Amino acid sequence: MGFMYAAYSVVWLVIFGYMLIIGKRHSNLKKEIEFLKQLDN
């Protein structure tokens, strides 16, 4: 039963880590888009 709990925890850690990476990538892309908009004006 402990093995199932450990596996469940690892899966959730992977999911949250992936979401964190996607969030950081999204904020970096937003900054780049704002920078490009400023260059265009």
Side-chain angles (χ1 to χ4, degrees):
M1 195 69 180
F3 174 74
M4 291 296 289
Y5 179 73
Y8 188 73
S9 298
V10 168
V11 167
W12 276 109
L13 280 175
V14 169
I15 290 171
F16 282 121
Y18 184 70
M19 289 174 64
L20 185 68
I21 290 171
I22 293 294
K24 283 186 177 179
R25 187 181 258 176
H26 179 74
S27 65
N28 283 342
L29 285 174
K30 250 182 164 178
K31 287 178 187 173
E32 286 185 20
I33 288 172
E34 289 299 322
F35 177 70
L36 290 174
K37 280 183 182 175
Q38 288 178 354
L39 284 180
D40 193 32
N41 289 333

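Worth saying up front: this structure is predicted, and the values here are computed from it rather than measured.
- Remark: Y5 pairs with no residue by the ring pair (Phe, Tyr, Trp, His ring centres under 6.0 Å) rule, at least two apart or across chains.
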Just distance, no hydrogens or angles: give the donor-acceptor pairs under 3.5 Å from side chains in residues 30-37, sequence neighbours left out.
none

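- In the hydrophobic clustering, where aliphatic and aromatic side chains (Ile, Leu, Val, Met, Phe, Trp, Tyr) are joined below 4.5 Å either directly or transitively, L29 stands alone.
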Do any side-chain atoms of residues 14-27 form donor-acceptor pairs under 3.5 angstrom with protein atoms, and if so which ones, sequence neighbours left out?
unit_1 : atom_1 : unit_2 : atom_2 : d
S27    : OG     : K24    : O      : 2.9

